[in-house]
2 protein chains.
Amino acid sequence: MTEGVLPEEAGPAAEPAAGARRPRRADAAPAAGGPRPRRSDATRAAILRAARDRFATDGYDRATIRAIAADAQIDPSMVIRYYGSKEELFATAAEFDLRLPDLSDVPADRLGVVLVSYFFTRWEGDSSLPALLRTACTNPSGAERVREIFADQLGTAVARVVADPAQAPRRAGLVASQLLGVALTRYVLRLPPMVDIPPADLIDWLSPTIQRYLRAPAGTA
Amino acid sequence: MTEGVLPEEAGPAAEPAAGARRPRRADAAPAAGGPRPRRSDATRAAILRAARDRFATDGYDRATIRAIAADAQIDPSMVIRYYGSKEELFATAAEFDLRLPDLSDVPADRLGVVLVSYFFTRWEGDSSLPALLRTACTNPSGAERVREIFADQLGTAVARVVADPAQAPRRAGLVASQLLGVALTRYVLRLPPMVDIPPADLIDWLSPTIQRYLRAPAGTA
DNA sequence: AGCGGAAGTCAACAAGCGTTGGCATATCGT
DNA sequence: ACGATATGCCAACGCTTGTTGACTTCCGCT
């Protein structure tokens, strides 16, 4: 279900967490020029993929290391060896980029529809945001992660398109409340009416809301 | 933190779950006239209160029966004795009533502000909705409970005030997406901008959104 | 070829979980 | 006052969890 989502999906594989006891080799390899790919990269990637899937469908607590390892068809101990602990594995798995488009050359009156359309092309068929949401609801570091993502990524994107910079965080928060609300009801809770609405209709309904949160004059009631 | 919220808060105490092995006494008491209060009602209520608190802050998995029992200052086995199992305890604890006001005599152009204002007076200082949300994110029966609540309670309330009955579920879903989105970002994830906005400002921002979801003509973009 | 280290397997640990049954105490009907 | 019954505590069960260490297998290098 989880598809290519993360920056390093099939890349040179994620770095192991800081605390992980790793075979010492760092000084033997040339410092510059990038780390030579290791033989275990495929396994690392498989673990990460399985972890995202499990965290997505089960949440942090119910997603067991044993289940993740079984999905990746390796031993549970390998998960610890490569990622240090369950908490660090989650931190790595939950790392993601909204990859918001550059909104600065979008006409001001089309910001809503562009942002909403983008979020749907990003979310439909990609389970990583629901995954993060699911775990953020019960796991403190998951919640912290969501706060970071929306402060850093959505916050800065919104800051570039609002009229009054001082209003940016508030407007970004409102946008997040509606967009995460849709993600929650459609992908996590699966409220039937929200699941049934075609994306195109949803875009029509939501765009004016986001447009208003972004661009409406400050005192609008 | 959790305050008087549930219908039976200090009432004659919740009925134990069906499967719970209860001392057999039913035939000794008069069938009609209501069950005489039992001596253990205080304990039952304490368990339920502690359970709501724990489920609210920790979610289903992290909220352990032992912790709940410790909060209620009784033995873990009592929780099972009175509520049958953890799952049944949760089912009882998560039972709640939105207690939506009657919207049928509200002027059509004020539905948004009335509904939003009501939800804030209901949620601020009441942790039971965040509790439900937190558990619904990872627990299947929690999610089912939210679906029921919003289909039955919000769904029917909305159905009475929309123009075209066929559009009612969709409009209710949109309303839920925004209101639950606020609950999620403000109370569960605690995104700083959403936490900081005073309720009055939030009402000003959200009311037009809800108003539009409820009353805007069908094809509005 | 042979050695070093990485990759992977296996069994086990300590801790925590929900749940159970037995046993002591308190309360109430008679 | 006595027996019945409700109430509560204690200790333990079977199980699952994250995590660890020892052991074997495989690959790459000199």
Side-chain angles (χ1 to χ4, degrees), chain A residues 13 16-17 19-30 35-47 50-51 54-55 58-91 93 138-139 141, chain B residues 13 16-17 19-30 35-47 50-51 54-55 58-91 93 138-139 141:
Chain A
R21 293 168 323 307
R22 275 275 308 292
R24 46 266 175 251
R25 189 187 57 87
D27 35 10
R36 176 161 33 73
R38 278 185 304 274
R39 193 154 41 94
S40 60
D41 287 345
T43 303
R44 282 186 156 77
I47 293 174
R54 283 286 171 181
F55 284 134
D58 298 343
Y60 183 85
D61 292 293
R62 296 168 108 87
T64 69
I65 293 222
R66 284 170 157 86
I68 292 169
D71 287 358
Q73 294 181 314
I74 45 93
D75 191 88
S77 64
M78 301 299 290
V79 178
I80 301 293
R81 174 110 57 106
Y82 288 150
Y83 291 95
S85 72
K86 185 182 181 181
E87 190 73 29
E88 292 173 282
L89 171 63
F90 171 72
T138 50
N139 187 277
S141 63
Chain B
R21 292 169 325 305
R22 275 274 307 292
R24 46 266 174 252
R25 188 186 60 87
D27 35 12
R36 179 162 30 72
R38 277 186 305 273
R39 194 158 38 93
S40 59
D41 287 344
T43 304
R44 283 184 157 78
I47 293 173
R54 283 286 172 180
F55 283 135
D58 298 342
Y60 183 85
D61 291 293
R62 295 168 110 86
T64 69
I65 294 229
R66 285 170 156 88
I68 292 169
D71 287 357
Q73 293 181 314
I74 46 93
D75 192 87
S77 64
M78 302 297 292
V79 178
I80 300 294
R81 178 119 41 116
Y82 287 149
Y83 291 95
S85 72
K86 184 183 182 181
E87 190 73 31
E88 292 173 281
L89 171 63
F90 171 72
T138 50
N139 187 276
S141 64

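The chains referred to below are lettered A, B, ... by the order of the sequence lines, with proteins before strands, and numbering in each begins at 1.
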Measure the distance from CD1 on A:Ile74 to P on C:dT9 and round it to the nearest whole Å. 7 Å
To the nearest angstrom, how far is B:Asp61 atom CG from D:dT16 atom C1'? 13 Å
When every non-hydrogen atom of A:Pro76 is compared with those of A:Ile65, the smallest separation belongs to O-CG2, 3.9 Å
Counting side-chain heavy atoms from CB outward, which of C:dT9, D:dG8, C:dG18 is closest to B:Thr64? C:dG18
Contact check, side chains of A:Asn139 and B:Arg62, non-hydrogen atoms, under 4.5 Å: yes
Mind checking whether A:Thr138 and A:Asp61 have side chains closer than 4.5 Å, heavy atoms only? yes
Looking at NZ of A:Lys86 and CD1 of A:Ile68, how far apart are the two atoms once the value is rounded to the nearest 0.5 Å? 7.0 Å
What's the closest nucleotide to the B:Pro76 side chain, out of D:dG8, D:dT19, C:dT19? C:dT19
Heteroatom pairs (N/O) under 3.5 angstrom, protein to nucleotides 11-13 of chain C:
| unit_1 | atom_1 | unit_2 | atom_2 | d |
| --- | --- | --- | --- | --- |
| C:dA12 | N6 | A:Arg66 | NH2 | 3.4 |

Ignoring the backbone of B:Ile80, work out which of D:dG8, C:dT20, D:dT19 is nearest its side chain. C:dT20
In whole angstrom, what separates B:Ile47's CD1 from D:dC9's C1'? 13 Å
Taking atom P of C:dC17 as reference, at what distance in whole Å does atom OH of B:Tyr60 sit? 13 Å
May I ask you to decide if A:Arg44's main-chain N or O and A:Tyr83's side chain share a donor-acceptor pair within less than 3.5 Å? yes
Below 4.5 Å, heavy atoms only, C-beta onward: do B:Thr64 and B:Asp58 meet side chain to side chain? no
Kindly point out which of C:dT19, D:dT19, D:dG8 is positioned nearest to the side chain of A:Ser85? D:dT19
Would you call the rings of A:Tyr60 and A:Phe55 parallel, tilted or perpendicular, taking 30° and 60° as the class edges? parallel
Write down the distance between OH (A:Tyr83) and C1' (C:dA7), rounded to a whole number of angstrom. 14 Å
Rounding to an integer number of Å, can you tell me how far A:Arg81 CZ sits from C:dT9 C1'? 10 Å
Length of the CZ-P vector between B:Arg44 and D:dT7, whole Å: 6 Å
Could you check how far CG of A:Asp58 sits from P of D:dG18, rounded to whole Å? 12 Å
